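Structure record follows, encoded as structure tokens.
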Amino acid sequence: MTVPWLDSHAHLDDPDEPPERVDASLRQLVAAGWPGALTAGYGPERFVRSREIATAWPVVRRAVGLHPEYLARLPDETARQHALKALRSELDHPTVGALGEIGLDRRYKDVWPLDEQLAYLELGLQEAKARRLPVVLHIVGWYGHALDMLRRVGVPHGGAVHRWSGPVELVPAFEALGLGIAVALEPRENPEKRHALVRAISADKLLLETDWPFLELSYAEAVVQMSHLGTQLAAWRGEAVETLHIRLAENARRLYHLAP
Ligand SMILES: [Zn+2]
């Protein structure tokens, strides 16, 4: 295998994935000279496993957060407050390098309304600011609402919008806040839309991610497929593959404050 690309967003702590299978993939990738990944947070139930991975694998950096989908599925405000308390104490752990996922998801508007989602996004952004952490943003629909909140609270320590699915026209506004924009290994993505997006993102803000797990791929297989997508991106942008490979790893390190 040629050197696989850095993965700026995956869920290596997913409870449905047997740890042995994840470890086997990480062993294989590290042996191939892989620059690593950021494993993103979902909810407190995954803290222990994510801690374990970040401790055992120095190439994997760790974010913790409260995913809007996770919060939407909790029964009530008391449960959400408990989750927030758990998050705050986990943020003290030295393996944590970023805060997220946090964000807005319009698909859950009927069970968890916009104003409540905005309130939790704001809490997350304030916490990131206070702790000088970059953020991992999940935004589905509601890109305008997210932008207003981000402008109001600020993201002084950067971060990125993972798996961008918003209008291409809004890319510059998010970039102006210092945020990276990630293109995901998403087989359902419309190729023309992806092409336009890839060309709209600035050279120093572009990120690539698997957002694994999905489909029937092992983690190592997903990283290999994402690396093929990287080659495609280089062609679309008219850049040399090797140059883009190096720059995307640098972008992730800078935007998520990962050590080299
Ligand atoms: Zn994710």
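Atoms considered below: every heavy atom in the structure, side chains included; atoms not considered: hydrogens, waters and symmetry mates. What you see is a predicted model; the values in this text were computed from it and never measured. Each ligand, and each atom within it, is numbered from 1 in the order the structure gives. For this chain, numbers begin at 1 and follow the sequence in order.
- For the pairing with Val183, the side chain to side chain contact (heavy atoms under 4.5 Å, CB included) check across Leu207, Ile201, Leu248 returns one residue only, Ile201.
- Residue pairs meeting the ring pair (Phe, Tyr, Trp, His ring centres under 6.0 Å) criterion with at least one partner in residues 52-95, sequence neighbours excluded, are Tyr42-His67, Tyr42-Tyr70, His67-His138.
- The ring pair (Phe, Tyr, Trp, His ring centres under 6.0 Å) analysis of residues 174-210, with sequence neighbours excluded, yields the pairs Tyr143-Phe174, Trp164-Phe174, His195-Trp236.
- Residues Arg61 and Tyr256 have side chains not in contact (no heavy-atom distance under 4.5 Å, counting atoms from C-beta outward).
- Taking Ala24 as the reference, Arg27 meet the side chain to side chain contact (heavy atoms under 4.5 Å, CB included) condition, with sequence neighbours excluded.
- The number of protein N/O/S atoms found under 2.8 Å from the Zn ion (ligand 1) is 4.
- Under 4.0 Å is where a charged nitrogen must lie from a carboxylate oxygen, and between Arg46 and Asp14 at least one such pair does.
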